[in-house]
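Nothing fancy with the numbering, it's 1 onward along the sequence. Side chains are part of it too, since the values below use all heavy atoms of this structure and drop only hydrogens, waters and symmetry mates. Just so you know, these numbers come straight off a predicted model, no measurement behind them.
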Amino acid sequence: MELLVVGRIVAAQGLAGELRVNPMSDFPERFTQPGPRWLRKAAGPRAGAGTEAEPQAVTLTHGRQLPGKSLFVIRLEGIHNRNAAEALVGQDLLVPATDRPKLAPGEIHLLDLMGLEVRLGDGSAIGTVKDLIHAGNDLLEVELSATGKTLWIPFVEAIVPQVELEQGWIGITPPPGLLELADSSPQERSELE
C-alpha cells in the first residue's frame with residue numbers, strides 16, 4: 001500500500017501522551033478524524049541515503065488544532081504518558097495514498113508538486129521541486145539545475161501563477177532578487193536584507 005506523509009510529530013504535549021504534529025496537509029480531518037494512520041521514522045545515516053524504516057500502523061483516537069497555531073494535538077491508541085510520546089518525536093504521520101480528499105476545481109494536492117520542473121516565464125527550466133516546507137505559508141524547496149544549490153520559493157499565486165501537473169512543471173515569476181539569493185553567500189544575503 002502506498003502511503004503519503006501528512007505531518008511530522010514535533011513534540012509531546014503535556015503528560016498524558018498527546019503529541020504535537022506539524023501538518024504537511026491542508027486537510028485538518030487527517031489530524032482530527034479518528035481512524036487508522038501509520039508512523040514512520042527515517043532510517044539512521046548508516047542505513048544509506050533515502051532508506052526509511054517500515055511504517056507502523058497506529059490508531060488516531062482524537063485530535064484538535066491548537067488555537068492560533070498551525071499545529072495539531074493528537075492522541076494515539078496505546079500512548080498514555082509523556083515518555084511514550086517523546087519516543088515518537090521526529091516520526092512522520094502517514095495515510096494511504098488512496099485516502100485523498102476530493103478537490104474543488106483549481107485546487108491541487110501540495111504533495112503532487114514534488115519532482116515538478118520549475119520554469120521561468122520565458123519557458124527556461126531552472127530546477128526541480130525537491131521538498132515542501134509548511135511554515136505559515138508553504139515554501140517550495142527548489143534544487144537549481146545549474147548549481148545544485150537550494151532556493152526557497154513561496155508557494156503563492158503571485159510568484160507561482162502556473163501549475164501544470166499533467167505536463168510536469170510549474171511556472172514562476174520571481175520578485176527581483178529572489179533567484180540571486182541562491183547564488184550569494186550567507187554574508188552577502190545578510191547585506192541584501
Can you tell me how far OG1 of Thr128 sits from CE of Met114, rounded to the nearest 0.5 angstrom? 11.0 Å
Leu144 with Ile159, same ILVMFWY side-chain cluster at under 4.5 Å: yes
Using every non-hydrogen atom in the two residues, find where Phe72 and Pro28 come nearest and quote the distance to one decimal. CZ-CB, 3.7 Å
Tell me whether Val73 shares a hydrophobic cluster with Val6, the cluster being built from Ile, Leu, Val, Met, Phe, Trp, Tyr side chains joined at under 4.5 Å. no
Examine Trp38 and Val10 and state if one hydrophobic cluster contains both, with Ile, Leu, Val, Met, Phe, Trp and Tyr joined whenever side-chain heavy atoms are less than 4.5 Å apart. no
What about Phe155 and Leu178, same hydrophobic cluster or not, with Ile/Leu/Val/Met/Phe/Trp/Tyr joined at side-chain heavy-atom distances under 4.5 Å? yes
Taking side chain as C-beta onward, heavy atoms only, is Pro34 less than 4.5 Å from Thr61? no
same_hphob_cluster(Ile74, Leu66) at 4.5 Å side-chain heavy-atom cutoff: no
Look at atom CD of Gln167 and say whether more than 12 heavy atoms of other residues, nucleotides or ligands are closer to it than 6.0 Å. yes
Between the side chains of Gln56 and Glu54, does any donor sit under 3.5 Å from an acceptor? no
How about CD on Glu157, more than 12 heavy atoms from neighbouring residues, nucleotides or ligands closer than 6.0 Å, or not? no
What do the steps show when you test Leu71 against Asn22 for side chain to side chain contact (heavy atoms under 4.5 Å, CB included), and what is the final call? CA-CA 5 Å; Leu71 294 173; Asn22 185 23; 4.0 Å; yes
Nearest heavy-atom approach of Ala12 to Glu86 is CB-CG, 3.8 Å
Could you walk me through whether Gln162 and Glu164 pass side chain to side chain contact (heavy atoms under 4.5 Å, CB included), step by step? CA-CA 6 Å; Gln162 193 169 9; Glu164 300 294 341; 3.2 Å; yes
Just to verify, which of Leu93, Asp138, Val5 counts as forming a side-chain contact (heavy atoms from CB on, under 4.5 Å) with Met24? Val5
Heavy-atom check, side chain of Ile170 versus side chain of Val129, under 4.5 Å: yes
Kindly indicate whether the side chain of Ile126, heavy atoms from C-beta on, has any atom under 4.5 Å from the side chain of Ser145. no
Note: Arg37 and Leu60 closest approach over all heavy atoms is NH2-CD2, 3.5 Å
Shortest non-hydrogen contact between Arg82 and Gly14, atoms and distance: NH1-O, 2.8 Å
Do Ile153 and Leu139 come within less than 4.5 Å of each other through their side chains, counting heavy atoms only? no
Pair Ile172-Val118, side chain to side chain contact (heavy atoms under 4.5 Å, CB included): steps then yes or no: CA-CA 7 Å; Ile172 66 168; Val118 179; 3.9 Å; yes
Qualifying residue for side chain to side chain donor-acceptor pair (under 3.5 Å) with Gln13, from Arg20, Arg75, Glu18: Arg20
Pairwise distance CD(Glu141) to CG(Asp131) - rounded to 0.5 angstrom: 5.0 Å
Heavy atoms, side chains only, cut-off 4.5 Å: are Leu19 and Leu76 in contact? yes
Does the side chain of Leu116 come within less than 4.5 Å of Leu165's, by heavy atoms? yes
When rounded to the nearest 0.5 Å, the distance separating CG of Leu94 from CZ of Arg40 is 5.0 Å
Check: Leu88 and Ile79 side chains under 4.5 Å, non-hydrogen atoms: yes
Below 4.5 Å, heavy atoms only, C-beta onward: do Pro161 and Thr173 meet side chain to side chain? yes
Just do the side chain to side chain contact (heavy atoms under 4.5 Å, CB included) check on Leu140 and Leu113 with the steps written out, would you? CA-CA 9 Å; Leu140 303 176; Leu113 299 174; 3.8 Å; yes
